[in-house]
Colleague: 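There's a structure below that I have some questions on.
Atom set for the values below is all heavy atoms of this structure, side chains included, hydrogens, waters and symmetry mates excluded. In listed order, ligands and their atoms are each counted from 1. Computed from a predicted structure; not experimentally measured.
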Amino acid sequence: MAILKIARMGHPVLLARAAEVEDVRAAEGRRLLADMVATLKDAGGVGLAAPQVFASVRLFIFYVPESRAGSGGALPLTAVFNPVVTPLDEEMELGWEGCLSIPGLRAAVPRYKKVRLSGLGIEGEALNMVLEGFAARVVQHEADHLDGMMYPMRMRDFRYFGFNEEMDRNPVPLPGEVL
Ligand code: NI
């Protein structure tokens, strides 16, 4: 296992459409997956997409820690090859997001509240999950990376974009939120 370098916004690998994974069980994919798990643990995020470690293939990993579980519940670390994220209703909500490829910053980004995540698991088995709230947000963010999308491209109001250090000192309420 190796801890990989994480591409930062501005590198073209983050703007490309990643390729489908042909054989989920190939040694190459397994090595990449193990390295992504080690890299995510080291970096301390909740999700990582393969293009963020310079591998332009359709694979991401994510989890939902207890501290972020909310009403949707916690989820263990899950790997998804060739993921497809489909909104299950039209309702969207604003929530804070960061990205390991945009270190030190966060922003309020609109995302669908409820989605279906399908794709293939590490043994090539079909995955099919209905996710809400934070989990839905995370998989929409990670799936975007496979299509060359980064969260600033989804933003509607740049007043809700800033450095973590500043925003921790001066918390900004989201519309309708009371701090
Ligand atoms: Ni990201």
Colleague: Do the side chains of Arg106 and Asp168 get close enough for a salt bridge, i.e. N-O under 4.0 angstrom?
Modeller: yes
Colleague: Using residues 42-63 as the side-chain source, report each donor-acceptor pair under 3.5 Å to any protein atom, sequence neighbours left out, with the distance given to one decimal.
Modeller:
from: Gln52; atom 1: OE1; to: Ala49; atom 2: N; distance (Å): 2.9
from: Gln52; atom 1: NE2; to: Ser101; atom 2: OG; distance (Å): 2.9
from: Arg58; atom 1: NH1; to: Ala18; atom 2: O; distance (Å): 3.0
from: Arg58; atom 1: NH1; to: Leu146; atom 2: O; distance (Å): 3.0
from: Arg58; atom 1: NH1; to: Asp147; atom 2: OD1; distance (Å): 3.4
from: Arg58; atom 1: NH2; to: Asp147; atom 2: OD1; distance (Å): 2.8

Colleague: Salt bridge check: are Asp144 and Arg154 linked by an N-O gap of less than 4.0 Å?
Modeller: yes
Colleague: What protein N/O/S atoms lie closer than 2.8 Å to the Ni ion (ligand 1)?
Modeller: Cys99 SG, His141 NE2, His145 NE2
Colleague: Is any NZ, NE, NH1 or NH2 atom of the basic residue among Glu28 and Arg31 found under 4.0 Å from an Asp or Glu carboxylate oxygen of the other?
Modeller: no
Colleague: In terms of ring plane angle, is the pair Tyr151 and Phe161 parallel, tilted or perpendicular, where the classes change at 30° and 60°?
Modeller: perpendicular
Colleague: Going by an N to O cut-off under 4.0 Å, is there a salt bridge joining Arg111 and Glu97?
Modeller: yes
